[in-house]
Amino acid sequence: MILLQSRSRYLLQILSTRVQNLDKGVELDCQWVEFDDIRFHIQASTRNSNILLLSMSLPIPPPETEFFGGLPLGAIEAIKATYGVVAQILDPPRDGFNLTLKLNLSKLPQEEAHKHDLLVSLASVREVVMGAPLRAILNDLALRTVPSDSENIIALVHRPNESFFLLPQADKVTTIFPMRFNDSIDAILATSFLQEFVEARRTAGLNNAPPCFWSPSLPQELQGMVNTDLPANAGYFSFVILPRHVEGMKLDRTVWNLSTFHAYVNYNVKCSEGFMHTRMRRRVESLIQALDRAKPDAEKPNRSLSPNTSFKQLSLKDSQSGLNLRR
């Protein structure tokens, strides 16, 4: 299985190259789009090589999503807590973007190990912003501060038609993903993939992993809800997150894995589909070669020349005269 990395490799490459060549003061202006329709734009001028402007555009959220100032709930606090003095939030952001950060590279730690860790964290700004609401809920679970009478379903939406639902409880958080795909073949492959996912969890080596379940019908926790994001053509997949899954350094990894679970399944489905197409093409080519070898010799065109065949080398004048006679 292919795991998606939380950091943007391209953004990390730009930041690392910039830090290593601050004395050159090269002008910078790059735009790119990554998975989940996240668009980035980074700029730097020659006047101050330590200052970078990093802008990020998010997909248009559905109406039921709680966004404040164009960002998910808790994103501003998460940015300030993660980056400190290195990143300053510009208000308003650049036109066409939800967030613009003013990065001051002169504020980076002098120690190389800490500097690299902070650059990796800056390259993971997507995780910090989009995972802020989920991180707050799972952090309450880790601290055992979830109210015992909390039974409200919380909907989190990163992209249209890719919402998932949380049921926080005092001792666990149940995460439910309605799996929907536009292509019917993708839905069939995803269904098989998710069922195998559940079977793999039952192996002895994964006893500490979060319990997971797949159901073709609407789970009991979501029954009675009126929401257009509930229908699913590849079933419903659930994780039960316990406090031990979000302790210490596990919190960030759990937040990222849950936030990108739909993209993770979709990515592996597309890779499986491409692999099967490649195998089928190779199989067809081998069958065609077998059929060609099975043809009788009489059916094969005889292109061999007789022993008495001779060739005459023509001059340029002879070849031109031959063309005129054909006309």
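Because only heavy atoms are used, hydrogens play no part in the values below, and waters and symmetry mates are left out as well, while side chains stay in. Note that the numbering runs from 1 along the sequence shown for the chain.
Remark: Phe97 pairs with His41 by the ring-ring contact (aromatic ring centres under 6.0 Å, His included) rule, at least two apart or across chains. By the side chain to side chain contact (heavy atoms under 4.5 Å, CB included) test, Asp186 pairs with Phe181, Asp183, Val269, Lys270, Glu273, sequence neighbours left out. The salt bridge (charged side-chain N to carboxylate O under 4.0 Å, His left out) search around Arg202 returns Glu199, not counting sequence neighbours. Considering only residues two or more places apart in sequence or on other chains, His245 meets the ring-ring contact (aromatic ring centres under 6.0 Å, His included) condition with none of them. When the ring-ring contact (aromatic ring centres under 6.0 Å, His included) test is applied to Phe40, the partners found at least two apart in sequence or on another chain are Trp32. Take Ala263 and apply the side chain to side chain contact (heavy atoms under 4.5 Å, CB included) test, not counting sequence neighbours, and it matches Leu4, Phe35, Asp36. Legend: residues meeting side chain to side chain contact (heavy atoms under 4.5 Å, CB included) with Ala209, ordered by chain and number and at least two apart, are Arg201, Leu206.
A ring-centre distance under 6.0 Å is found for Phe177 and Phe261.
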Side-chain polar contacts of residues 279-288 - donor-acceptor pairs under 3.5 angstrom, sequence neighbours left out - could you list them?
unit_1: Ser286; atom_1: OG; unit_2: Arg282; atom_2: O; d: 3.4
unit_1: Ser286; atom_1: OG; unit_2: Arg283; atom_2: O; d: 2.6

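The stretch residues 9-25 participates, sequence neighbours left out, in no salt bridge (Lys or Arg N to Asp or Glu O under 4.0 Å) pair at all. Screening residues 238-253 for salt bridge (Lys or Arg N to Asp or Glu O under 4.0 Å) gives Arg135-Asp252 as the qualifying pairs, with residues at least two apart or on separate chains. Each salt bridge (Lys or Arg N to Asp or Glu O under 4.0 Å) pair with one or both residues in residues 98-120, not counting sequence neighbours, appears once here: Glu112-Lys115. Applying the salt bridge (Lys or Arg N to Asp or Glu O under 4.0 Å) test to every pair with at least one member in residues 88-101, sequence neighbours left out, gives no pairs at all.
Here CG of Leu22 is found 9.5 Å from CG of Asn48. Values are rounded to the nearest 0.5 Å.
What you find for Val19 and Leu105 is that their closest heavy atoms are CG2-CD1, 4.2 Å. When all heavy atoms of Trp214 and Ala234 are compared, the pair lying nearest together is NE1-O, 3.0 Å.
Between Phe197 and Phe193, the angle of the ring planes lies from 30° to 60°, which puts this pair in the tilted group.
Leu138 has its side chain within reach of Thr254: a pair of non-hydrogen atoms, C-beta onward, lies under 4.5 Å apart. Counting only heavy atoms from C-beta outward, the side chains of Arg126 and Glu34 never approach each other to under 4.5 Å. Within the 4.5 Å cutoff, side-chain heavy atoms of Phe213 are placed close to those of Val240.
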Next on the checklist: Run the side-chain contact (heavy atoms from CB on, under 4.5 Å) test on Ile79 and Ile89 for me, step by step, so that the C-alpha distance in whole Å, both residues' side-chain angles and the decisive distance to 0.1 Å come before the verdict.
Outcome noted: CA-CA 8 Å; Ile79 292 172; Ile89 302 174; 4.0 Å; yes

Checklist entry - Do Gln43 and Leu28 pass the side-chain contact (heavy atoms from CB on, under 4.5 Å) test, and can you show the C-alpha distance, the side-chain angles, and the key distance before you say yes or no? => result CA-CA 5 Å; Gln43 295 173 293; Leu28 180 65; over 6 Å; no

